[in-house]
Each structure stands twice: as C-alpha cells, then as structure tokens.
Amino acid sequence: MKSLLRQNIIHRLKKVPGNIDEVLDCFVENTASRKSTILEEGNICRHCFFITTGSFKIVRTDELGSMHTIGLVFDQEWFSVIDSFRNQIPSKESIITVEDTDYLSLSFDKFNYLSQNIPEFNTVYRQMLEESHSSFLDRVNNLMALDALERLTRFHKNYPFALSRINAKDIASHLGMSPETLSRLRTNL
C-alpha cells in the first residue's frame, strides 16, 4: 500500500525527497469492508487518509434523518474532514466506505510532526488542500449552474469507473438528483 503513497508523493514533488521513508513510516495501513464507518458524525476526525484502492463517501444527515452524499473519494486520493481534523472539533459529516477499501491513515500527532519537521510534507499537504478546495468549488458550481445531464456527464468524464463501482443512490445524491433521474439519464452517456 505504501508504494502507491510513495509514488503519489514523488509525483507531487517531482523528485524523491531524502526523507520519504520517514514520512511513509508515519502512515498506518488499514483495510475496511464495504459500508464500514470510518468516522461517525459528532466524533472528532483524528486522521487524514490516502486511499490506495476503494472509495469513501462523505455523508451528512439532515434534520429529518436523511443521509446525503456530499462527497466521493476514490483510489489514490487524499482526504480528511479538514475542519474537524485541523481544529480537533466534532465532525458534521460521516465517512463510510462504499466498497472494500485499502487506505493509509496519518494521525493528527504524526501529521503535526511531519508538518513541523519535513518541509516537503507541507508542499504535499498544500497541494492536497488546493485540490480539495478546487473540487469542492467545482461541485458547488456544477450543482448551481448545470442541468442534471451535464452534471452526470462531467462526473462520468472525471470518474468513468464510478458508475460501475458505486451504487446509483450514492451517485445520485452526490449529483443532486433522484436515483430515478440518474437511471434515466445514464442512457444518454
């Protein structure tokens, strides 16, 4: 698992940092089966994650008890509930595996150690934050400006494998449409 993280870090930095083994040693390998809760809403997010294979969904429960998929994270992507993680406050979201998932976790304490002692790690983290922010803004803009077919088409272009790996209910919720609408629109792809 750590070999994929190693490749990701080298790709981001465009070089092999001399302290890469020290960074990799701070990550813990994890395996979770489908529908496993990694973080429950109301708990503090004490880790950031790098998915090697599989996927997470980030869900938020509304006042009526309905769960909404507000994010999907796939293979070789970084993720954390950033507000909860950085400020060590209760999370407003839950993280649940969508399929069997192998991932690496980095504890808050190890994260702080790396941030304070290894400048290259800060570069990787900054890139992760920038990508996360960009992805969030893109998703919000898509929900506001695009019709359902355009949202589905963009999602399919960015994640062509997702329609075969992720259940329609989660994708529909993520795209702001009903499962029935998703089913009808899939024929247009």
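Residues: numbered from 1 along the sequence shown.
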- Cationic N near anionic O, under 4.0 Å, R34 to D100: no
- Beyond-backbone contact of F85 with D83, side-chain heavy atoms, under 4.5 angstrom: no
- List the steps and the verdict of side chain to side chain donor-acceptor pair (under 3.5 Å) for S55 and E99. CA-CA 6 Å; S55 55; E99 55 193 332; 2.8 Å; yes
- Message: Which residue in the set T123, V16, V124 passes side-chain contact (heavy atoms from CB on, under 4.5 Å) when paired with I9?
- Response: V124
- Message: Would you say L175 ends up clustered with V59 if hydrophobic residues are merged whenever their side chains have heavy atoms under 4.5 Å apart, either directly or through other cluster members?
- Response: no
- Charged N to carboxylate O under 4.0 angstrom, R6 versus D21? yes
- Query: Is a side-chain donor or acceptor of R165 paired with a backbone partner of G54 at a separation under 3.5 angstrom?
  - Reply: yes
- Item | Ring-ring centroid check F155 H174, cutoff 6.0 Å | yes
- Do E131 and R12 come close enough that some side-chain heavy atom pair is under 4.5 Å? yes
- Query: How about H156 and R186: do any of their side-chain heavy atoms sit closer than 4.5 Å?
  - Reply: no
- Item | Under the salt bridge (charged side-chain N to carboxylate O under 4.0 Å, His left out) test, residues paired with E93 that sit two or more places apart | R60
- Note on the structure: Taking every heavy atom of K169 against every heavy atom of P179, the minimum-distance pair comes out as CA-CG, 4.2 Å
- Item | Exercise: identify the closest heavy-atom pair between L146 and R151 | O-NH1, 2.7 Å
- Query: Can any side-chain N or O of D102 pair as donor or acceptor with the backbone N or O of T53 at less than 3.5 Å?
  - Reply: no
- Between D138 (side chain) and S134 (backbone), is there a donor-acceptor pair under 3.5 Å? no
- Task: Hydrophobic side-chain clustering at under 4.5 Å (ILVMFWY, transitive links): who's grouped with F56? Put none if nobody.
- Result: I38, L39, F49, I51, I58, I70, V73, F79, V81, I95, Y103
- Message: Could you tell me if the side chain of L163 sits less than 4.5 Å from the side chain of L189, heavy atoms only?
- Response: yes
- Sidechain-backbone polar pair: Q76 side chain, F50 backbone, donor-acceptor under 3.5 Å: no
- Do the side chain of S94 and the main chain of E41 share a donor and acceptor less than 3.5 angstrom apart? yes
- Message: Could you tell me if the side chain of F121 sits less than 4.5 Å from the side chain of L106, heavy atoms only?
- Response: yes
- Hydrophobic clusters join Ile, Leu, Val, Met, Phe, Trp and Tyr when side-chain heavy atoms are under 4.5 Å apart, directly or via other members; which others share one with V28? none
- Presence of salt bridge, R126 and E130, under 4.0 angstrom: yes
- Message: Please check: side-chain N/O of S84 versus main-chain N/O of I89, any donor-acceptor pairing under 3.5 Å?
- Response: yes
- Report yes or no: does N8 contribute a side-chain atom to a donor-acceptor pair with the main-chain N or O of L4 at less than 3.5 Å? no
